[in-house]
Participant: 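I have a structure here, written as structure tokens, and I will follow up with some questions on it.
All residue numbers in this chain count up from 1 along the given sequence.
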Amino acid sequence: MRFPWSDGYSAEDRGYAGGVATALLFDRDQVDEVQDWTDHVDDLGRKSILWIDLDRADRAQIEETVDTLDLGAASRARLMDGDTRPYFG
């Protein structure tokens with residue numbers, strides 16, 4: 001299965017501002033696009049999901065995400081290696 005976001009295009013190519021992560025907050029029966037997802041991390045409930053779609057070309061954005069979420073080495077490596085498949089790790 002090929003996902004629409006795994007086509008190799010950057011966020012700018014898909015119509016988003018360059019270097020900006022797209023984030024969706026799923027909370028029970030509601031979905032909202034959030035501008036600054038870092039403001040929502042500490043407030044996530046048990047039934048919430050924060051989906052962050054990163055622009056893989058923006059290494060600084062990836063580093064900020066890894067640091068903000070305190071991700072482990074395996075997650076960092078996977079994000080940096082250019083693998084475009086969704087990852088729940």
Participant: Of all residues at least two apart in sequence or in a different chain, which pass the salt bridge (charged side-chain N to carboxylate O under 4.0 Å, His left out) check with D67?
Facilitator: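 Here the qualifying residues are R76.
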Participant: With sequence neighbours excluded, what pairs up with L69 under the side chain to side chain contact (heavy atoms under 4.5 Å, CB included) test?
Facilitator: W37, V41, I52, T65, L71
Participant: How close do M80 and E63 get, counting heavy atoms only, and between which atoms?
Facilitator: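 Residues M80 and E63, closest heavy atoms: CE-OE2, 2.7 Å.
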Participant: Could you tell me the separation between the CZ atom of F26 and the CG atom of L24, rounded to the nearest 0.5 Å?
Facilitator: 5.0 Å
Participant: How long is the span from the NZ atom in K47 to the CG atom in D29, to the nearest 0.5 Å?
Facilitator: 9.5 Å
Participant: Quick one: list whatever passes side chain to side chain contact (heavy atoms under 4.5 Å, CB included) with D36, sequence neighbours left out.
Facilitator: T38, D39
Participant: T68: which residues meet the side-chain hydrogen bond (donor to acceptor under 3.5 Å, both in side chains) condition with it, sequence neighbours left out?
Facilitator: none
